[in-house]
Structures are given as structure tokens and as C-alpha cells.
2 protein chains.
Amino acid sequence: MQSRSPASRTGRPRSAAADAAILAATREALVDLGWSKLTLGDVATRAGVAKTTLYRRWAGKNELVVDAVAELFDELELPDSGSLAADIEGVVLQFAAILARPEAKSGLMAVVAESTRDEALRARIRESVVDRQKRLVVEGRARAQARGELPPEPDPSHPARTVDLIFDVIAGAVVHRALVSAEPVDTTWARSFTALLIDGMTAATTHSRSGQVAQ
Amino acid sequence: MQSRSPASRTGRPRSAAADAAILAATREALVDLGWSKLTLGDVATRAGVAKTTLYRRWAGKNELVVDAVAELFDELELPDSGSLAADIEGVVLQFAAILARPEAKSGLMAVVAESTRDEALRARIRESVVDRQKRLVVEGRARAQARGELPPEPDPSHPARTVDLIFDVIAGAVVHRALVSAEPVDTTWARSFTALLIDGMTAATTHSRSGQVAQ
DNA sequence: AGCTTTCGCTACGAGACGTAGCGTAATGCC
DNA sequence: GGCATTACGCTACGTCTCGTAGCGAAAGCT
């Protein structure tokens, strides 16, 4: 949502139902029309609100779709399956399942593309999509460390570095496989990828290989 | 380019200079305006051709931008640096350098987004961008195998599986780091990522076929 | 020459954009 | 209850881009 003025205590309040209807209509339109052919007028009609109402709440198509898509990724959960491998595999498959939905893939990449020229939009994406899901990496990592599957803290000076790296690798690989290569992210692929990732994480921290292994 | 009718041997030939001018103008417009505000009329003006000429050669904005962006990625080369780690690191940095250019990041993600609803467009992207660069993985892998850094053939039944996996991981991670996380792909990051990837590749192949690491 | 295809130019209807203006509806405050 | 304030629905508008059609001229081939 946009910054609802906090001092706004008087006057008619904004309809929360309208917000939900608009976001749902946006996702519906993404399925039917895709990003490029999606028009705000059409979304307004689907939601049963006036076009002007839409413009009063969102600055434009970009912001609207970010909010509509962001809700999809809140479904993600870290399944406590007892092992790091199973945890990662589970998240990868969940993530892929969301990306398989047309409203997600059609909208997400488009706003990411737009965000390359719009700093505010990119911040919005990071806040409402990316950083929210980074918790999965942090939590899965903590669990693995508690189980002894990963060493406690490989680099105390930059604890966030490793998390960011892992996140970019997981999210990047799944997105690339699903949307660019356009091949299925099935159990077979998820297992291969998970094996690769875990071996990379453990080996890099256990045995000191050729020279300095950056972390 | 589009399918130039092969039986077209008579009549005035198409100007090759116009093709180059149009593609250059497209990249220029991507820098100045970005994907969403780029119009074909503007590109035509910049290229010094009529708008109708543009429509005679490309079906629309999507196809035009794919061709304009594809040329950028042909610069990629595999630096024979003597070690697998250095090879990967070099390619990652080259790839990141291209992605840092506004005409690349603004255009590439947009056409990928569009390709989620356009099968023909996705095929075009794969042909002219993705699959062309997959050679880097194949070649780097062969070199590493010749050096003994990687075992000969981990999975003879599906030789392309591993290459595809590696490619998705590399390309996906770099793109995600550069465009979504929007943090620099510098030497530090490239080195961390390379270490993670190599350890994952070597370990994954060793304990699947009980050989020892060539080290 | 004659034939064929491309090119530049102009013009056009269609559709989406984003905004303005108006009257009405829903709340909080006195 | 009445009043101020804000949100809402609706209509209408100028502006822009789209993609195409039609024309005459240019540039190649045989």
C-alpha cells in the first residue's frame, strides 16, 4: 500500500474491501492479459471500482502489480523436515510452484525490469517481496547450524554476506530455470540443485581449499 | 532478424545499414527512456528510417529489443586463465559488466517477462541469447576435465543435465544479484560465488561415484 | 528496358493514459 | 444532530502511441 497519511483521522475511511478487490482483480487480469496488455481501466472494472479510485491509491501500474504479486510470496514456509537438504528442497519446490502461476511470473519479472530504471520501485520490491523471504534462508541456516550440519558462523565480520549469497543463488537459479530456460523445476532438478548447493556450503567452510576461500 | 524469405532474389534488397542503425537506435532509446517509455516511432526517428520500415522487419517491440540486446552478449568470452576458478570468475565478471549497462538490464528483463506469455518470443530469446552463451559452460567444463579439475563425465546418461544446472545457477545468481538485490557483482562476490560453485561441483561428483577429488 | 521489392511519407481510427470536475456517501468531532 | 473532511463513482477530456493503409519514388535483378 502507499503511505497512508497517519494524521488522517477524520473523513470517510478508505474501503479495505476495495483494496482486496483491486489486488485480486489485478492478479486476475495478469492471468488473462499479462503485463503488457493489462490496463488500469480494465482492473478497475474487474474490481468493481472507479478508475479514479485506483489512481488515488497507487501511483501507477508498477506499484499496483508489485503489491498484487507480493501477496503471493507470503505463502512460502520453511518446512522443518529435519535435514537441511529436505528444507532447501521443500522451499525450492514451493517457490517454483508460485512461479509457475501465470500471475506471478508475468508480473514479477515485469516489475523487476521496470525497477532497473526506478529506484523507488526497486526499494518497494525489496521491501515487500525479496527481503521478506530472506527470512527463510536465515532460519534454515540457523536450524542447520543447530543440527550441526553447518558450522556456527563462517565469517563473524560479515554475517549477512553468506546469507545474501545463498539467497541470490537459490532465488536466481530457480527463477532462471523456471522463466528463462523454461524447464520444469521438478523433484529431480530440485534434488540436483540442493546437492550442489549443500556441498558448496559445507565444503567451503570445512576444509580450507586452494588459497583463501572467500566467504 | 525475421525470416527473410529465401525465394526473395529479385527486387530492391533491404538495407543492411538500416538494420544496424535500427538496432543501435533501439539500444540508445533503451538507455534514454527504458523499456516502458520506448516507442517504435522514436526508434525510427533516431535511426533515420520511417516507422513503417521498422514494422516491415520486426513484428513489434519485443522482437526488436531481443535482437538489439542479443548482440551485447556476444562479447562474452571464456578467458583461458589456467584454472576453473579463474575461468568462472572471469565469465561472471564479464557477464556482470554487460548487465550493468542500462540498455542490457532494462531490455533483457522486460523481454523475459513478456516471454512468459509468448512462446515464440521465448524461443527467440533462447536461440539468440541463452543457448548461445551455454557454450561457455560446455567449454569451461571440458577444459577443467582436461586439467583433471573435474571428473570426466559424472552422468553419462544425461550429459546435458549438469550443464543446464550449472548454467542456470551461474546466470541466475548473477542476474539476481545484479538486478534484484541490486548490489555490485565485484571481485569479492565473484570469488565467493565461484568457491561455492566449484566446491558444489567437485563434491557432488565425488561422493556419487566414490572417486577421490582430483586435487 | 521491365519487373519486383523496399523505402519514406502522410494520414487515419482505435485504444489507453492520467486528470479534472461534480455530486454523493461515510466517517469523526463538536 | 449538524458540520467538516475525506473517499467514492461517474463522466468527459486532451494527449499519446499503436499498427495499418495507401501512395510515389528508389534500387536492385534479368
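Computed from heavy atoms alone, side chains included, the values below leave out hydrogens, waters and symmetry copies. Just so it is clear, the model here is predicted, and its values are computed rather than measured. Here is the naming used below: chain letters follow the sequence lines, and residue numbers restart at 1 for every chain.
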- Item | Members of residues 105-117 of chain A that approach DNA chain D, where some heavy atom sits under 4.0 Å away | none
- Message: With heavy-atom distances below 4.5 Å as the criterion, would you say the side chains of Val130(A) and Phe167(A) are in contact?
- Response: yes
- Query: Do you know which of Leu78(B), Val137(B), Thr194(B), Ile170(B) makes side chain to side chain contact (heavy atoms under 4.5 Å, CB included) with Val91(B)?
  - Reply: Leu78(B)
- Query: Which residue, Arg141(B), Arg135(B), Arg143(B), forms the salt bridge (Lys or Arg N to Asp or Glu O under 4.0 Å) with Glu139(B)?
  - Reply: Arg143(B)
- Query: Taking only residues two or more places apart in sequence or in another chain, which ones pass side chain to side chain donor-acceptor pair (under 3.5 Å) with Glu103(A)?
  - Reply: Arg101(A)
- Partner set under side chain to side chain donor-acceptor pair (under 3.5 Å) for Asp131(A), not counting sequence neighbours: none
- Message: Can you pull out the residues from residues 32-40 of chain B that lie within a 4.0 Å heavy-atom distance of DNA chain D?
- Response: Thr39(B), Leu40(B)
- Item | Euclidean distance, atom NZ of residue Lys51(A) to atom C1' of dC10(D) [Å, nearest integer] | 11 Å
- Message: Can you give me the closest heavy-atom contact between Ala29(B) and Arg46(B), atom names plus distance?
- Response: CB-NE, 3.7 Å
- Item | Thr10(B) side chain near dT5(C) phosphate (N/O to OP1/OP2, under 4.0 Å) | no
- Item | Comparing Ala50(B) and Gly11(B) on DNA chain C - which has the more 5′ nearest nucleotide | Gly11(B)
- Task: Starting from C1' on dA16(C), measure out to NZ on Lys61(B) and report it in whole angstrom.
- Result: 13 Å
- Task: Would you kindly give the CG-to-P distance between Leu64(A) and dC17(C), to the nearest whole Å?
- Result: 11 Å
- Query: When the distance from CZ of Arg14(B) to P of dT6(C) is rounded to whole Å, what number comes out?
  - Reply: 5 Å
- Asn62(A) CG to dA16(C) P, in whole Å, measures 18 Å
- Task: In sequence, state the C-alpha distance, the side-chain angles, and the governing distance for Trp58(B) and Val43(B), and then conclude on side-chain contact (heavy atoms from CB on, under 4.5 Å).
- Result: CA-CA 12 Å; Trp58(B) 283 276; Val43(B) 171; over 6 Å; no
- Task: State which residues pass ring pair (Phe, Tyr, Trp, His ring centres under 6.0 Å) with Trp35(A); sequence neighbours excluded, sorted by chain then number.
- Result: none
- Working for side-chain contact (heavy atoms from CB on, under 4.5 Å), residues Lys105(A) and Ile98(A): CA-CA 8 Å; Lys105(A) 57 180 164 190; Ile98(A) 295 178; over 6 Å; no
N/O-N/O pairs, protein side and nucleotides 21-25 of chain C side, under 3.5 Å:
from, atom 1, to, atom 2, distance (Å)
dA25(C), N3, Arg12(A), NH1, 3.2

- Task: In whole angstrom, give the distance that lies between atom CG of Asp42(B) and atom C1' of dC18(D).
- Result: 14 Å
- Item | Candidate pair Val169(A) and Leu196(B), rule side-chain contact (heavy atoms from CB on, under 4.5 Å), full reasoning | CA-CA 10 Å; Val169(A) 170; Leu196(B) 178 75; 3.9 Å; yes
- Protein-nucleotide distance (Trp58(B), atom CH2; dG19(D), atom C1'), rounded to Å: 17 Å
- Query: If you round to the nearest 0.5 Å, how far is CG of Leu197(A) from OG of Ser192(A)?
  - Reply: 12.5 Å
- Note on the structure: Taken to the nearest whole Å, CG/Leu54(B) to P/dC9(C) is 14 Å
